[in-house]
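Okay, so here's the structure we're looking at.
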Number of protein chains: 2
Amino acid sequence: MDRPNLPLNGLRAFEVAARQGSFTRAAIELRVTQAAVSQQIQRLEDLLGHRLFTRASAGLILTDIGAALHPVLTRNFDEMGEVLDRFHGGRYRETLNLGVVTTFATGWLIPRLEAFEATHPGISLRLFTHNNRIDIAKEGLHMAIRFGDRTAWPWLEAAPLIAAPLTPLCAPDLLPHLQAPPDLAGQRLLRSYRVDEWAGWFAAAGTECPPLEGPVLDSSVALAELAAAGHGVALLPAAMFARQLQAGTLARPFATEIAAGRYWLTWLRGKPPTLAMAQVRAWLLEGAGGQPD
Amino acid sequence: MDRPNLPLNGLRAFEVAARQGSFTRAAIELRVTQAAVSQQIQRLEDLLGHRLFTRASAGLILTDIGAALHPVLTRNFDEMGEVLDRFHGGRYRETLNLGVVTTFATGWLIPRLEAFEATHPGISLRLFTHNNRIDIAKEGLHMAIRFGDRTAWPWLEAAPLIAAPLTPLCAPDLLPHLQAPPDLAGQRLLRSYRVDEWAGWFAAAGTECPPLEGPVLDSSVALAELAAAGHGVALLPAAMFARQLQAGTLARPFATEIAAGRYWLTWLRGKPPTLAMAQVRAWLLEGAGGQPD
DNA sequence: CGCAGGACATAAGCTGAGGTGATGGCATGG
DNA sequence: CCATGCCATCACCTCAGCTTATGTCCTGCG
């Protein structure tokens, strides 16, 4: 049906009446009289050539067809209402729920948050940190930053952020004992749930991989804490720990690093991005720009 | 924004004007005068407290905010238009695009299509056969019937249809030569891309699996054709070939069968099902009902 | 330049879609 | 069997949203 023929007021009246289960209550919600609702819906039914309600003594009951129509309208009116709410008080302000893998949040995003807020006054960013296992739809997020390989989420849209090559990091005290990669054999090598990463690094360093023991953690931040406390050497994305490296709480014994994926900004396919989503994406990509693979 | 305050006519005028890039053309589409469009949009801008267009000499340009608003409205009005189109001519008629894995289509669905059409005059079913590799969103389908295990499509909703245990089928001529499972060793065993299925069947039959040679095909229908033509023995869901078994073009030498998954009706999460989707689902589930696992 | 043409804005007045208010019919329930 | 609570209907009213007419501004062209 083309735009000029859409009976928008009738559809609105129907949506409310179906939701309320009563013309009288619908009239209250719409701030009109019961007669107005009755007439609107009758006109709509005439136009469509179908009854939308069964007028039973026990109240209104949607017909099959009414039941088919109703959720579509509810969704669409809701969505329009939401988008208009962003204009509250003459200012445009949109809330954006962003899932962020903890390492990236602490190592990259949070230090830049203030700059973001300053340049994007129309966006209320709400961060939800996670450990790379996250369901955007279930958590009610608009977008999520995760680490890995985009083939892992074939059903999501994804834009590449910075690469995160891994290199051993340790407490500064350990530096003197780590002159060359084989020296690592004497240390506790801390592991993440990502298998083979140490093997890969030793291969890149041209050294045989010592047997791996010790704890396995699912969080780079926790690994970094352990390493900083002198409890071992962790294979971490150095770029995410620049602050600690600068402050001297962590040290990097070797230049060798291995590619292990990158951070990605992901979001659900299908829905076109909102203004805030587009701006956050542009800002993140710009911040990650110039970064070699 | 609550229902009574939604400026529906203003939003419609804005949507058309933004799409047309001109108030004048929008007025033509809406079958009103240019002045009416101008006023509607001005009222909307006043209400929101923001300009939605930059009135440049080279025509209208959407502001950032206008650009954020527009696609939401386009989608919503389009969707409402679509749902109203189903009422064309006083009758409710909805088109449903259904992907169907070929085996199920020929072995189950197509024989029952006439009954479906008779009991569901309001649904135009359009079938798209596929070989179990199908992207619902990309193909523009509402639902798809596929074979396998629901964990293979974690991002889809899925309802179980009938189970499809596999058993060897062959040309009737071969029956005398197949008295017991070990006799199969002398035959060409036709394979699908699904590995290990013959090994599983021989295990269930308590016989050692002979070495497998011969062609591999990705279609049960093609396997059945080959078997019927006497080119070998295929491991197939007997339920899908009941017609051929009855007609004597295929024969089933052994009772032994193995569970190998079932057919599933799948659809995208998130969007609530339309009336036709609900009815098709109910009909399929009813048809598959009483079927043991 | 100056003028025609085409765009959007504005003003004033009109009109019918959509509202009000009153009433009626028809259930339910104490 | 009356009170109550629905929805339907009717007659009438009113103002949102339209039309018509005109204004302003910019562009392109001879």
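So you know, we letter chains A, B, ... as the sequences are listed, proteins then strands, and number each from 1.
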Per-nucleotide protein contact string for nucleotides 16-28 of chain D (B base, S sugar-phosphate only, - none; heavy atom under 4.0 Å): -SBBB-----SS-

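- Distance A:Ile28 CD1 to C:dT20 C1': 16 Å, rounded to the nearest Å.
- With respect to A:Glu139 and A:Arg133, no salt bridge is recorded, no charged nitrogen being found less than 4.0 Å from a carboxylate O.
- Here the P atom of nucleotide D:dC7 and the CG atom of A:Leu52 are 15 Å apart, to the nearest Å.
- Atom P of nucleotide C:dA7 and atom CZ of B:Phe53 are separated by 15 Å, given to the nearest angstrom.
- Dashed line: the shortest gap from a side-chain N or O of B:Arg55 to OP1 or OP2 of C:dA7 is not under 4.0 Å.
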Verdict with reasoning, A:His88 to A:Arg93, per side-chain contact (heavy atoms from CB on, under 4.5 Å): CA-CA 8 Å; A:His88 193 73; A:Arg93 171 156 277 271; over 6 Å; no

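- Of the residues in residues 11-24 of chain B, B:Ser22, B:Phe23, B:Thr24 come within less than 4.0 Å of DNA chain C through at least one heavy atom, sorted by number.
- When each of A:Phe23, A:Phe77, A:Phe53 is paired with A:Phe14, the ring-ring contact (aromatic ring centres under 6.0 Å, His included) condition holds for A:Phe53 and for no other.
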Trace of the side-chain contact (heavy atoms from CB on, under 4.5 Å) decision for A:Asp64 with B:Tyr92: CA-CA 10 Å; A:Asp64 280 4; B:Tyr92 184 89; over 6 Å; no

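- Between A:Ile61 atom CD1 and C:dA27 atom P there is a gap of 14 Å when expressed in whole angstrom units.
- For the pair A:Arg25 CZ and D:dC6 C1', the interatomic distance rounds to 11 Å; values are reported in whole Å.
- Applying the 4.0 Å criterion to OP1 and OP2 of C:dC8, one finds that B:Ser38 has every side-chain N and O outside that range.
- Using modelled atom types, one finds no donor on one side chain facing an acceptor on the other under 3.5 Å when comparing A:Thr266 with A:Glu157.
- Of the possible polar contacts, none joining the B:His120 side chain to the B:Gly122 backbone as a donor-acceptor pair under 3.5 Å is found.
- The pair B:Arg19-B:Glu15 counts as a salt bridge, with a side-chain nitrogen and a carboxylate oxygen less than 4.0 angstrom apart.
- Under a 3.5 Å cut-off, the side chain of A:Arg126 and the backbone N or O of A:Leu96 do not form any donor-acceptor pair.
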